[in-house]
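As a basis for the values below, the full set of heavy atoms in this structure was taken, side chains included, without hydrogen atoms, waters or symmetry mates. Predicted model, so just to flag it, every value in this text is computed and none were measured.
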Amino acid sequence: MRKLTTLYLAALCSTAVYAQDVSIDELYPPTNNREVKIGSTNLPIVFINTLGSVIQREERITARMKIIHNGDGCMNYGDTIAHPEQTVDYEGYIGLKYRGNSSFEKSDKKPYGFKTLEQTLEEGGKKAKVTLLGMGKDNDWVLLAPFNDKSMIRDILTFELARPYFAYVPHGRFCELMLNGVYYGVFILCERPGKGKNRMNLHDPGEDGGDLTGDFHVEIDRDDEEIYYTSPYRPKNIFGNEDNKRHVFYQYKNPDPDDLKEMPAEVRTNIDNAINEMETVFTQTDYTDPVTGYAKYINVMSFIDYMLTTEFTLNYDGYRLSTHLYKYSVTRAEKEGLDHRWQMTLWDFNIAYGNDKRLGLQTDIWQYDFNKRNLASDNAVPFWWEKLLADPAFMQAVRQRWAEYRAGAFSDTNIDSTIDALAGELTRCGATDRNEEAWKTYGRRLWPNYTTIKDYAEEISNLKAWIKKRVAFLDRELGGTTGMTMCRDISDNRAAVVRRHTPDGRTATESTKGLVITRFADGSVKKTVQR
C-alpha cells in the first residue's frame with residue numbers, strides 16, 4: 001500500500017511536520033473521485049491538514065485549518081488554489097474529530113467537529129475563541145456534511161426561516177472542503193448550539209452569586225453518553241397506554257459530563273430537578289393554571305416556535321432527538337432581565353421536508369403524533385407535548401403564532417426566495433457539480449431517501465413542491481377555530497368526521513383492516529380495530 005509523507009501535506013498550511021508513516025486510505029476517507037479540482041468558486045474554501053494523523057470519532061487530533069474567502073463572485077483559483085491574493089479568514093490549529101450519529105453511520109461524506117486552538121493538543125490545547133466567516137466569536141464549531149440531503153440546504157433553510165422567532169438559532173455558511181489536499185465537496189461550517197456569548201450565552205453554574213439553579217443546557221437524544229438523565233414519565237403508545245418500553249433521555253451539554261465531574265454534585269442534582277419539575281407539572285390536574293402550571297417552568301412561546309418549525313419541516317427526528325433546551329439561573333435572570341424558564345433552539349433538519357422514506361411524501365400528518373404511529377423506535381416524543389396540545393389556550397396561541405409566521409418569514413414569497421438564494425449560492429460557480437463529481441449521489445437511493453433524482457434542479461423543484469403541500473395542510477389545520485386540538489380520545493361519535501387514517505398516516509376507508517384512527521370536527525379522536 002502506498003505511503004504518503006507528511007512533508008507534502010504540511011505544505012498546504014505551512015506548519016510544523018509531525019512525521020508519521022500512515023497509509024493513503026487512512027489519511028483519505030474514500031470519495032468517488034479524488035481528482036476533483038475547484039478551479040473557481042464563490043464559496044469559502046476550508047483547508048484541513050491532519051499533519052499525518054488519522055481522524056478519530058471519539059478523540060480529537062491536532063490539525064491545521066486555513067480558510068480563504070475572496071468574495072461572492074466566481075474567483076478563479078486555478079488547479080493549485082494557491083496564489084498571492086488570497087484573503088485568509090482564519091489560519092491556525094484545531095482539535096478535530098468526526099461527529100454525528102446517523103449522519104456519520106449512514107453517510108459516505110462524514111461530518112466533523114472541531115475546536116479552534118492557540119496551541120496543539122500535545123502542547124496543552126488551549127482554546128482560542130475566533131470569528132469564522134463573519135460568525136460570532138467562539139471556539140466550538142462543526143462542519144456539517146450534507147450527503148443524504150441532496151439539496152444541501154435543508155439545515156440552513158430552516159435556520160434562516162426560523163431565525164426571527166427564536167432567541168438563538170445557529171448560523172452557518174456553505175463552504176468547500178479540501179482535506180489533506182483532496183476535494184471533499186460542499187460542507188456547512190456551522191455554529192454548534194452551546195454556551196458561548198454569541199450563542200445561548202450561558203454562564204457556568206455558580207458564576208452568578210453562587211446560584212447553582214442554572215445556567216443549564218440539555219439535549220433530548222439517545223442514551224449514548226457517559227451519564228444522562230432518564231425521564232421517569234413514559235409516553236403513550238399507539239393504543240393510548242403508557243409505553244414502558246420506551247424512554248426519554250436528556251443528555252448534559254452545558255455543563256457536560258466532563259465538567260460535571262469537576263463541579264459539586266449539587267449541580268447535576270439541580271439539572272435533574274429542573275427537568276423533573278418541568279415534567280412533573282404536566283402530570284397535575286391543574287397543569288394549565290397560568291400561575292402554578294406549566295407556564296411557570298417553560299417559555300411557552302419558545303416551545304410553540306419549536307413546535308411550528310418542527311411541524312413545518314415534518315422532521316422525523318423532531319421532539320425526540322437533537323432537541324435542545326436551555327435555561328438561565330434565577331439570580332442571573334432577575335439581574336439581567338432574562339427568562340429563567342426552559343426555552344428551545346433548533347438543530348438537525350437534514351432528513352426533514354419529505355426526505356425520509358419512513359414518512360414517504362406525506363404532508364398531512366403530525367410529527368408530534370410519532371408515538372402513536374411508531375412502535376419500533378426506542379426514542380419517543382416526551383409525554384408533555386401531548387399535554388400541551390390538549391390545552392385550548394396553548395392551541396389558540398399556536399394558531400395565532402402560525403398566522404404571524406405566514407405574514408412574515410414563512411410567507412410563500414419568502415420561502416421561495418430563501419430557497420432560490422441558497423440554491424443559487426451553491427450553483428452559481430459550480431459547487432453542486434463538483435460535489436456530485438466527488439460523491440455521485442444523483443440516481444442513488446441514499447438512506448433514508450424516499451426518491452431518487454436525476455439532477456440538482458429536480459431536487460430543488462421537489463423540495464418546493466413538498467413545502468407548498470405542507471404549508472397548505474398547516475394553513476387548513478391552524479387557520480380555523482378547531483386547529484390541532486386532537487389529543488383526547490372518545491368512545492362515541494360526537495361530531496362530523498374530519499378524517500380516517502391508519503397509524504402510519506395513510507387514508508383509511510371502511511374496508512381498511514387493522515387499527516383505524518377517526519378524527520372529528522370537534523378535535524376528538526376515536527380508535528377502532530377493523531377486521
Side-chain angles (χ1 to χ4, degrees), residues 31-33 35-45 72-76 103 106-109 144-161 172-177 183-190 312-316 349-357 359-363 409-473:
T31 70
N32 285 79
N33 182 354
E35 304 303 322
V36 179
K37 305 296 183 183
I38 289 181
S40 64
T41 183
N42 57 307
L43 300 181
I45 306 173
D72 296 328
C74 292
M75 299 297 295
N76 188 354
S103 60
K106 306 288 189 179
S107 298
D108 295 345
K109 183 165 65 168
L144 301 178
F147 181 69
N148 47 33
D149 172 15
K150 295 171 187 174
S151 77
M152 297 186 280
I153 71 172
R154 281 174 165 84
D155 283 307
I156 296 297
L157 171 64
T158 308
F159 296 160
E160 292 309 309
L161 292 179
R173 291 291 306 273
F174 295 122
C175 62
E176 295 183 82
L177 175 64
Y183 181 78
Y184 277 85
V186 172
F187 282 71
I188 303 169
L189 178 54
C190 191
F312 168 76
T313 62
L314 194 54
N315 186 10
Y316 186 82
F349 291 85
N350 63 313
I351 60 174
Y353 299 96
N355 199 33
D356 194 309
K357 64 184 178 183
L359 295 178
L361 298 179
Q362 297 177 99
T363 57
F410 285 75
S411 69
D412 294 340
T413 299
N414 191 62
I415 291 170
D416 276 350
S417 64
T418 303
I419 292 173
D420 289 342
L422 295 175
E425 189 175 352
L426 293 179
T427 58
R428 185 178 310 134
C429 302
T432 53
D433 294 334
R434 287 186 290 275
N435 187 83
E436 179 61 12
E437 283 186 66
W439 296 107
K440 304 298 182 185
T441 63
Y442 302 159
R444 294 171 60 190
R445 193 182 299 276
L446 306 175
W447 180 94
N449 297 167
Y450 181 73
T451 59
T452 62
I453 59 167
K454 66 178 184 294
D455 56 27
Y456 188 76
E458 182 180 10
E459 175 70 9
I460 295 301
S461 177
N462 290 346
L463 176 62
K464 285 185 174 183
W466 187 94
I467 290 176
K468 184 176 181 179
K469 292 179 181 178
R470 183 62 176 168
V471 167
F473 169 74

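- Residues Phe159 and Cys190 have side chains in contact (heavy-atom distance under 4.5 Å, counting atoms from C-beta outward).
- For the atom pair Asn435 CG and Thr432 OG1, the distance stands at 8.0 Å (nearest 0.5 Å).
- When all heavy atoms of Asn33 and Glu35 are compared, the pair lying nearest together is OD1-N, 2.8 Å.
- A salt bridge links Arg154 with Glu459; the closest basic N to acidic carboxylate O contact falls under 4.0 Å.
- No side-chain heavy atom of Asn355 sits less than 4.5 Å from a side-chain heavy atom of Trp466.
- Residues meeting the side chain to side chain donor-acceptor pair (under 3.5 Å) test with Asn315, sequence neighbours left out: none.
- Between the side chain of Arg173 and the main chain of Ile188, no donor-acceptor pair closer than 3.5 Å is present.
- One distance of note links CG of Leu144 with CE of Met152; it measures 13.0 Å at 0.5 Å rounding.
- In this structure the side chain of Thr363 never reaches within 4.5 angstrom of the side chain of Leu314, judged on heavy atoms.
- Between Tyr184 and Trp439, the angle of the ring planes lies from 30° to 60°, which puts this pair in the tilted group.
- Of all heavy-atom pairs between Phe312 and Arg470, the closest is O-CG, 3.2 Å.
- From Asp72, atom CG reaches atom CD of Glu425 across 7.0 Å, with rounding to the nearest 0.5 Å.
- Checked by atom type, the side-chain pair Thr31/Tyr183 shows no donor-acceptor distance below 3.5 Å.
- At a threshold of 4.5 Å between non-hydrogen side-chain atoms, the residues Ile460 and Thr427 do not count as touching.
- Rounding to the nearest 0.5 Å gives a distance of 8.0 Å between CD1 of Ile419 and CG of Leu422.
- To the nearest 0.5 Å, atoms CG (Asp455) and CG (Asp433) are separated by 9.5 Å.
- Considering every non-hydrogen atom in both Phe349 and Tyr353, the closest pair reads O-CD1, 4.5 Å.
- A donor-acceptor pair is defined here as one N or O able to donate and one able to accept, closer than 3.5 Å; no such pair exists between the side chain of Lys150 and the backbone of Ile453.
- In terms of the side chain to side chain donor-acceptor pair (under 3.5 Å) criterion, residue partners of Asp420 (sequence neighbours excluded) are, by chain and number, Lys464.
- Taking 4.5 Å as the limit, every side-chain heavy atom of Leu161 sits out of range of all side-chain heavy atoms of Thr313.
- For the residue pair Ser151 and Asp149, the shortest heavy atom distance occurs at OG-OD1, 2.6 Å.
- Listed by chain and number, the residues in a side chain to side chain donor-acceptor pair (under 3.5 Å) with Tyr456 amount to none (sequence neighbours excluded).
- For the 3.5 Å distance criterion, the side chains of Asn148 and Asn350 qualify, holding a donor opposite an acceptor.
- For the 3.5 Å distance criterion, the side chains of Glu176 and Thr41 qualify, holding a donor opposite an acceptor.
- How far CG of Asp108 is from CG of Leu446: 7.5 Å, rounded to the nearest 0.5 Å.
- Listed for the Glu436 side chain is a donor-acceptor partner under 3.5 Å among the backbone atoms of Tyr442.
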Inset, instruction - Take Leu43 and Leu426, measure what side-chain contact (heavy atoms from CB on, under 4.5 Å) needs, and give me the verdict at the end. - result: CA-CA 8 Å; Leu43 300 181; Leu426 293 179; 4.1 Å; yes
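- Contact record, Ile351 with Tyr316: CD1-CB, 4.3 Å, taken as the closest heavy-atom pair.
- In this structure, the side chain of Arg434 engages the main chain of Cys429 through a donor-acceptor pair within 3.5 Å.
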